[in-house]
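Here you go, one structure.
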Amino acid sequence: MQRAIALVDCNNFYVSCERLFRPDLENRPLVILSNNDGCVVSRSQEVKDLGVPMAAPWFQLKDMAKKHGIIAFSSNYTLYADISNRVMQLLSQFSPLQEIYSIDECFLELTGMNELTRYARHMRATLRQSIGIPVCVGIAASKTLAKLANHVAKKQPGYKGVCNFNELPEDRLDTLLNKISVNEIWGVGRRTTLRLQEMQITSALALKRAPAKRIRAEFGVVLERTVAELNGAACLELDEITPPRSQIICSRSFGVSVSNLFELEQAVIAYTSRAAEKLRSQHAMASCIQVSLRTNPHKPQEPQYQSATTVPLSAASDDTRLLCHAALGGLRHIYRSGYAYQKTGVMLSGIVAERPRTLFDDVAAQEKSGALMATLDQINRRMGSGTVRLLGEGISKDWAMKQRNMSRRYTTKLDELAVANA
DNA sequence: TCTGGGGTCCTAGGACCC
DNA sequence: TCTGGGGTCCTAGGACCC
């Protein structure tokens, strides 16, 4: 039986989320910016048509934005995460097996089902009607091909948002693959594209036909698998449950550069608190915490410095206070005065499901810590993130991110609900 | 003025062991 | 003169993804 895997991908996801609550922005050029309003991370079709590339720095686009009336929003991840959950929940009803691959896309196992193209159209229409988010669907015999089918569904209006490679005869599929540049393939990035081009492999079809052994020798097992997948052999299985993270990162650029240790300490405490919260949400403990620090590499005229250090904990823990203590020790170790820092971050690693018991455990203290952290998380979940936090984070937070154009959290905050005017 | 944040996987090389 | 062959574990760095 032929394998059938669908890749469902939301169109311009963040832009579509904003438009749900601002229908007046339909058909208008709209971008969503990264943290600190730095780069463009989501573009409406109108903006793509103007030639604005992904990840373009916003400050370079100001003139163009004025000329064409481009509207910019700061990113509102609370809103996007909530809409994403609704989309994924609805899509899960269309297949016994779903892998949520990212905030805006998922794979669905459809092997053995009939009339897949029609089924996918129905799926698309249901999402549009009940949530309002537009999606495209690609169907094929492997994940890599499903990604390409989705690409075709997005780029070629003739397919009306659904492209099923499995129903195309081999020669028509190859004609399509011949027109797709090799860098559009999942797993082929900038560096690999350049090296493939030197070998005259420039299209998806050329890579499909490349000798697997040679690809293996030149590029390694990952790209060899890609070649097999392009030939319709599914090497990558669907992962239904997301495995617990093996590392948890929280790092952010500052709104303004920071030189003094005191403010860096505030940021490190804030990021460690956030990382510890994520850690507890997956019921895990960390045995190491890494702290990193760097100046702004985009300002080469200023003195540059970057460093990182990993601090092992005496025992794995999920206690914000212990993790902060370790992180601050690391920060003081790598901190040098006289630099304008742009970014700091923490990374939790050595993540284990439960702390191994030792002879020296202070069980009472552990239970107390667990109860305190559980209460903290509960309050912050109910009353909003950051309601209760360590004082060391600081109150004024002069270093915090810039988010000038943030939309409201329409779906998760009572006082930010959409208002209907009679 | 102004350039994201959070992940994964693979590989190479060093240290160490028998 | 001559200097093994594997295996494991760890880390750093590269490449890629969204």
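Protein chains get the first letters and strands the later ones, always in sequence-line order, with residue 1 at the start of each.
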Return the residues of residues 184-193 of chain A meeting this criterion: a heavy atom under 4.0 Å from some atom of DNA chain C. Order them by number, or give none.
->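 Heavy-atom contacts with DNA chain C come from A:Ile185, A:Trp186, A:Gly187, A:Val188, A:Gly189, A:Arg190, A:Arg191, A:Thr192.
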Base-pair string, DNA chain C, Watson-Crick plus G-U, cut-off 3.5 Å on both distances, | for inter-strand, is ....||||||||||||||
With ring centroids as reference points, do A:Phe94 and A:Tyr119 lie under 6.0 angstrom apart?
->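 Under 6.0 Å, so yes.
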NA contact type, A:Arg404, heavy-atom cut-off 4.0 Å: base, sugar-phosphate, or nothing?
->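 The residue A:Arg404 makes no contact with any strand.
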Are A:Arg225 and A:Glu237 ion-paired here, with the side-chain N under 4.0 Å from a carboxylate O?
->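 The answer is no: the pair does not qualify as a salt bridge.
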Carboxylate-amine/guanidinium proximity below 4.0 Å for A:Arg332 and A:Glu265 |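 So A:Arg332 pairs with A:Glu265 through a salt bridge.
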Select base, sugar-phosphate, or nothing to describe what A:Ser246 touches, counting heavy atoms under 4.0 Å on all strands.
->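 A:Ser246: backbone/sugar contact only, no base atoms under 4.0 Å.
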Boundaries of the DNA chain C segment in contact with chain A, non-hydrogen, under 4.0 Å =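 Listing 5' to 3', DNA chain C meets chain A from C:dA15 to C:dC18.
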Any salt bridge between A:Arg408 and A:Glu416, counting N to O under 4.0 Å?
->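 A:Glu416 and A:Arg408: not salt-bridged.
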Are the side chains of A:Ile70 and A:Leu61 in touch, meaning some heavy atoms are under 4.5 Å apart?
->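 Not in contact.
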Could you pick out which residue, A:Lys343 or A:Val222, lies toward the 5' side of DNA chain B when each is mapped onto its nearest nucleotide?
->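 Looking at the nearest nucleotide for each, A:Lys343 comes out on the 5' side.
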Determine which pairs satisfy salt bridge (charged side-chain N to carboxylate O under 4.0 Å, His left out) with at least one residue from residues 52-64 of chain A, sequence neighbours left out, and list them in order.
->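 For residues 52-64 of chain A, and leaving out neighbouring residues, there are no salt bridge (charged side-chain N to carboxylate O under 4.0 Å, His left out) pairs at all.
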Taking the side chain as C-beta and beyond, is there a heavy-atom pair between A:Val47 and A:Val40 under 4.5 Å?
->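 A side-chain contact is absent here, since even the closest heavy-atom pair is not under 4.5 Å.
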Distance between C1' atoms of B:dC16 and C:dG4 (Å, rounded) |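 Here B:dC16 and C:dG4 have their C1' atoms 16 Å from each other.
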Under 4.0 angstrom, heavy atoms only, what part of the nucleic acid is A:Gln247 near: base, sugar-phosphate, or nothing?
->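 Answer is base: heavy atoms of A:Gln247 come under 4.0 Å of a base.
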Could you tell me which residues satisfy side-chain contact (heavy atoms from CB on, under 4.5 Å) with A:Asp82, sequence neighbours excluded, listed by chain and number?
->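 Testing A:Asp82 for side-chain contact (heavy atoms from CB on, under 4.5 Å), a comparison that skips the adjacent residues, returns A:Arg86, A:Thr411, A:Thr412.
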Using a strict 4.0 Å threshold on nitrogen-to-oxygen distance, state whether A:Glu277 and A:Arg274 make a salt bridge.
->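 Yes, this pair counts.
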Base, sugar-phosphate alone, or nothing: which one does A:Asp104 contact when heavy atoms must sit under 4.0 Å apart?
->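 Sugar-phosphate contact only - A:Asp104 comes under 4.0 Å of backbone atoms but never of a base.
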Indicate yes or no: does A:Lys154 engage A:Glu184 in a salt bridge with an N to O separation below 4.0 Å.
->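 No, this pair does not count.
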Short N-O contact, A:Lys397 and A:Glu393, less than 4.0 angstrom |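 Yes, A:Lys397 and A:Glu393 are salt-bridged.
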Closest-nucleotide 5' rank along DNA chain B - winner of A:Cys250 and A:Cys39 |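 That would be A:Cys39.
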Residues from residues 49-69 of chain A sitting under 4.0 Å of DNA chain B, heavy atoms only?
->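 Those residues are A:Pro57, A:Phe59.
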Which is true for A:Ile248 with a 4.0 Å heavy-atom rule: it touches a base, it touches only sugar-phosphate, or it touches nothing?
->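 Touches sugar-phosphate only.
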Residues A:Lys213, A:Glu224: salt bridge by 4.0 Å N-O rule |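 Salt bridge flag = yes for A:Glu224 with A:Lys213.
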Do we see a donor-acceptor contact under 3.5 Å between the side chains of A:Thr295 and A:Glu302?
->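 Result is no, nothing qualifies.
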